[in-house]
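In what follows, every heavy atom counts, from backbone to side chain, and hydrogens, waters and symmetry copies are set aside. Computed from a predicted model, the values in this text were never measured in an experiment. In what follows, every chain begins at residue 1, and chains take the letters A, B, ... in the order their sequences are listed.
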There are 2 protein chains.
Amino acid sequence: MSTSKLKISKREKILTEAAKLFREKGFGGSSMRDLAEKVGIEAASMYNHIRSKDEILEEICFSVGRKYDEQLTEIEKQPNSFSEKIESLIAFHVKMIIENGDAVSVLNNDWKFLNSKKLIEFKAMRNEYEKHLASLITAGIEDGSFKPVNVSVALFTILSSLRWVELWYKPSRGVTKEDLAKDISAILMNGIKA
Amino acid sequence: MSTSKLKISKREKILTEAAKLFREKGFGGSSMRDLAEKVGIEAASMYNHIRSKDEILEEICFSVGRKYDEQLTEIEKQPNSFSEKIESLIAFHVKMIIENGDAVSVLNNDWKFLNSKKLIEFKAMRNEYEKHLASLITAGIEDGSFKPVNVSVALFTILSSLRWVELWYKPSRGVTKEDLAKDISAILMNGIKA
DNA sequence: CAGTCTAACTAACGTTTGTTAGTTTCAAAA
DNA sequence: TTTTGAAACTAACAAACGTTAGTTAGACTG
């Protein structure tokens, strides 16, 4: 009973601390002994809860990745305009970063250290995500909601603009996630030129 | 004569190959033996040309960083509108990435592995750059060229949008750097909403 | 020709790496 | 009370790490 619950929570503690550590020092720059110290046990003891260092990375990347996938699917099926759908997605990205900044950072920066089998899987997942978002943009252009922009450029401009939130955002600045999402949406949707 | 020239070019070969390798595997994931193999000599032999692995990272980060600084200073003093200045900067970022993609990638992703002294220096350089660009945006808002957007958000949206070029751009797509800069400018300046 | 210098080499160093083996501790189940 | 099983520990492994030492080959300089 409580043992299995304890095991789960210790494993989750390892994953949480790993995300924090990987964000700070990178996957390659983080040692299992570093990580163990943060968790509060010996390095060898962690192997009672995880299979390998690689498994930690996989778990972080794919569990976050799946959340993005699910939300995009959710947004796609809502009866909103294409503008509203993209704005929802922007808000979700901001929310994810503010609530799971460490894990999102690992997804963004350390995915390339996945082993080759998982790397292929990860790239497929990412491609799928981009294709879905691209089709939203294309549809918005076709129905006149959007200007006839270059779809690839728009796609990556949006996704990259969202990445900075993880890289640059500091809670200390006192901006709420609603304001932040609104301001980013404003610029991407309407540009900065008067 | 030819010996000192040879030394310089071998050092530059090391730096070039290092940028390529770091981009692919990250600073922590790249070993000196890996690098030496790409250069075509033994790992120990590289120490005739460079002081340490850290020095390679420093040289790449700061030589690229200085180029960005210089160009921004150049753009600031030109007698153009604020829109034109920002568009020039966008074009320059695209050009840098297309011409020095490996080194730019190292600047973007591996700066955090600089040793603490150089890390402080690097952050100061980056802050300076951001402050200059922010003041361009502020001035543009004040003279009515730009909407009254949140300056920080605009700043980071622009800089992040430019980062994707390094991460996602593939020459194989056959887009010229002029077209690419124009399309990015179009979205950031005018948004995507019709 | 003798001397010097550069840039390569091989060998090795001390550390750190991820991981395994074997053992101990201690609480829950029987 | 005895048994069991999870989860911690210590100790150690082989490999890889950045780097240093010492040496050699060959090209310039005097």
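If you take OH of Y47(B) and C1' of dA21(D), they are 14 Å apart, rounded to a whole angstrom. As a whole-Å value, the separation of K53(A) NZ from dT20(C) C1' is 17 Å. Atom C1' of nucleotide dT20(C) and atom CZ of R51(A) are separated by 16 Å, given to the nearest angstrom. Between the CG atom of N115(B) and the P atom of dG18(D) there is a distance of 16 Å, given to the nearest Å. The nearest whole Å value for the distance from the CZ atom in R11(B) to the P atom in dT6(C) is 15 Å. Summarising the geometry, the separation between CD on E37(A) and C1' on dC9(D) is reported as 16 Å, rounded to the nearest angstrom. As a whole-Å value, the separation of E12(A) CD from dA7(D) P is 14 Å. Atom CD1 in I14(B) sits roughly 12 Å away from atom C1' in dA8(C) (whole-Å rounding).
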**Message:** I'd like to know whether N109(A) forms a side chain to side chain donor-acceptor pair (under 3.5 Å) with S105(A), so could you lay out the CA-CA distance, the side-chain angles of the two residues, the decisive distance to 0.1 Å, and finally the verdict.
**Reply:** CA-CA 6 Å; N109(A) 299 307; S105(A) 175; 3.2 Å; yes

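One finds no salt bridge joining E58(A) and K117(A) here, because no Lys/Arg side-chain nitrogen approaches an Asp/Glu carboxylate oxygen to under 4.0 Å. Between E55(B) and R11(B) there is a salt bridge, since a side-chain N of the basic residue sits under 4.0 Å from a carboxylate O of the acidic one. Under 4.0 Å is where a charged nitrogen must lie from a carboxylate oxygen, and between E70(A) and K67(A) no such pair does.
Heavy-atom distances under 4.0 Å link DNA chain D to no residue of residues 54-62 of chain A.
When the side-chain nitrogen and oxygen atoms of H49(B) are compared with OP1 and OP2 of dA8(C), one or more of them lie within a distance under 4.0 Å. Using a 4.0 Å cut-off, no side-chain N or O of K10(A) falls inside it from OP1 or OP2 of dA6(D).
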**Prompt:** What string of B, S and - do you get for nucleotides 10-16 of chain D, 5' to 3', when a contact is any protein heavy atom under 4.0 Å?
**Reply:** BBB----

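In this model, no side-chain donor or acceptor of N48(A) finds a partner on the base of dA6(D) within 3.5 Å.
Relative to the six-membered ring of F27(B), K53(B) meets both conditions, a distance below 6.0 Å and an angle of at most 45° to the axis.
Partners of D183(A) according to the salt bridge (charged side-chain N to carboxylate O under 4.0 Å, His left out) rule, which considers only residues two or more places apart in sequence or in another chain, do not exist here. Residues passing the side chain to side chain contact (heavy atoms under 4.5 Å, CB included) test with E84(A) are N80(A), S81(A), sequence neighbours excluded.
For the pair I41(A) and G28(B), nearest-nucleotide mapping onto DNA chain D gives the more 5' position to I41(A).
Listed by first and then second residue, the side chain to side chain donor-acceptor pair (under 3.5 Å) pairs that reach into residues 14-29 of chain B are R23(B)-D102(B), sequence neighbours excluded. Counting only residues at least two apart or in different chains, ring pair (Phe, Tyr, Trp, His ring centres under 6.0 Å) contacts with residues 165-194 of chain A comprise W168(A)-F156(B).
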